[in-house]
Amino acid sequence: MTTTAPSPGDNQPSAMFFWPTPDRPMVDRGEGIYLWDRDGKRYIDACSGPQTANIGHGNKRVREAMMEQAEKVSYAFRSHFLNEPAERLAREITAQAPDGLDQVFFGSGGSEAVEACIKLARQYAIATGQATRYKVISRLPSYHGTTLGALSLTGDPAGFSMFAPMMVNHPKIPAPFCRYRPAGQAEDEAALAYANALETEIINQGVETVLAFIMEPIGGAATAALTAPDIYYSRVREVCDQYGVLLIFDEVMSGAGRSGKYLSAEHWDVTPDLVALAKGLASGYVPLGACLTSSHIVGTVDDAGGFMHGHTYSASPIACAVGRAVLAEHLEHDLIGNAARMGTVLKGRLEGLLDEFEFIGEIRGRGLLLGFDIIADRETGRALPPELDAYAHLSQEAYDRGLIIYSRRTLGGARGDNFLVSPPLIVTEDQIDEIMELLVDALRAFAPTARAAINAS
Ligand SMILES: Cc1ncc(COP(=O)(O)O)c(C=O)c1O
């Protein structure tokens, strides 16, 4: 079977299979927060692709770093050579991260980063005489990637069920949607109940079987930048410590500066045992991901024989040279600070939408990882009918106007339709005005359909 994805201009069917949106135009070029298609139409990349192009498109420093490294050596295998870009990038990342996270393992993307975290966690448990621990608790809904290990943690039964016989069905606890708590319950009370659900699950599963808890500190595709009150994060850390369960933060989307801190963990002063990073790490210029952890964990695994893991492209010199140039851009132009400042501006502007559009549930997130959900009832969070395809409908209205926002639905829409507005960290206030103008226009075009569906439901 073939798709009808546009081929290089000869009107032949594409030879690539599974292009999720085959009717999209062919991209031509990118610069800053903008992309152009081959017909010259301009798009604002208001979600940085899937929250990846953090320093924007067409960056000169990155191009030059890539070229410079390619002229020396693009690739040398880890078993055969050390390489300087990887050594330096590892040190530069750990210098940005909270104390105690001082060791890095490089892979090629988010799913690989998550796999490295859970495999290292498992080897640490074995090395410390706790071989009965293998279960990794995660949240429902959540997104941790699509390789079988990462998918088994992803809280989305639709993605899981087909592959279930091939995977471990790791336990899930509810993600903390505190906005839609029962009437009369305080927000902190709701947050505490969600965090205590972790303790209950650990006990129910059998403490000696639970290896780790993985969560996105700021939600991504599955929950549209969901955060919880502060108390949730400290209680989760406390529960993990109490039961000897490792805490993994999946910062594939929220890390590398997007939230206005290098790691979003810093917003809550909680240090996880392991962190998965990718996306913004190389800002989309090359595939790069990382597992970040402590020398205590690494040393213990090393003493027991070393980390049994690796990929052909782990710590590739050219990918790490790009990673260094991307980080240098962040530091030289204070992009993490800009994410915090512009995030406050953009969040305020998004909050302004709540007055006109009653079908927006809440505005969520930190820094430039911001999102909103579209629902039928703001008090209860009741979803719109799934057949309305609100997530596809609204993002198409935006796309038609040259605005790219990210949308997704999980759990068959039971938690509403999710949208992420997460422009590159170089975004300016004027560009936020441009984004908002087009977004309001798209929402106004979508509103009659949403209102008709709400009235009929
Ligand atoms: C939080 C999170 N974890 C893991 C992944 C998987 O990353 P990748 O698509 O690079 O494998 C993603 C991708 O969106 C993500 O958002």
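Numbering of residues begins at 1 and proceeds along the displayed sequence. Indexing begins at 1, ligand by ligand and atom by atom, following the structure's order.
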*Could you give all pairs that pass the ring pair (Phe, Tyr, Trp, His ring centres under 6.0 Å) test and reach residues 248-281, with sequence neighbours left out?*
Y233-W268

*Which pairs pass ring pair (Phe, Tyr, Trp, His ring centres under 6.0 Å) with one or both residues in residues 135-169, sequence neighbours excluded?*
none

*Residues two or more places apart in sequence or in another chain: which of them pass ring-ring contact (aromatic ring centres under 6.0 Å, His included) with F359?*
F357, F446

*Does NZ or CZ of R133 lie under 6.0 Å from the centre of the six-membered ring of Y124, at an angle within 45° of the ring axis?*
no

Write 'none' if nothing qualifies; otherwise put on separate lines each N/O atom of ligand 1 with a protein N/O atom under 3.5 Å away and their distance to 0.1 Å.
{"unit_1": "ligand 1", "atom_1": "3 (N)", "unit_2": "D250", "atom_2": "OD1", "d": "3.2"}
{"unit_1": "ligand 1", "atom_1": "3 (N)", "unit_2": "D250", "atom_2": "OD2", "d": "2.7"}
{"unit_1": "ligand 1", "atom_1": "7 (O)", "unit_2": "S111", "atom_2": "N", "d": "3.4"}
{"unit_1": "ligand 1", "atom_1": "10 (O)", "unit_2": "G110", "atom_2": "N", "d": "2.8"}
{"unit_1": "ligand 1", "atom_1": "11 (O)", "unit_2": "S111", "atom_2": "N", "d": "2.8"}
{"unit_1": "ligand 1", "atom_1": "11 (O)", "unit_2": "S111", "atom_2": "OG", "d": "2.6"}
{"unit_1": "ligand 1", "atom_1": "14 (O)", "unit_2": "K279", "atom_2": "NZ", "d": "2.9"}

*Does the gap between the ring centers of Y194 and F177 come in under 6.0 Å?*
no

*Just checking, any donor-acceptor pair under 3.5 angstrom between side chains of R139 and T223?*
no

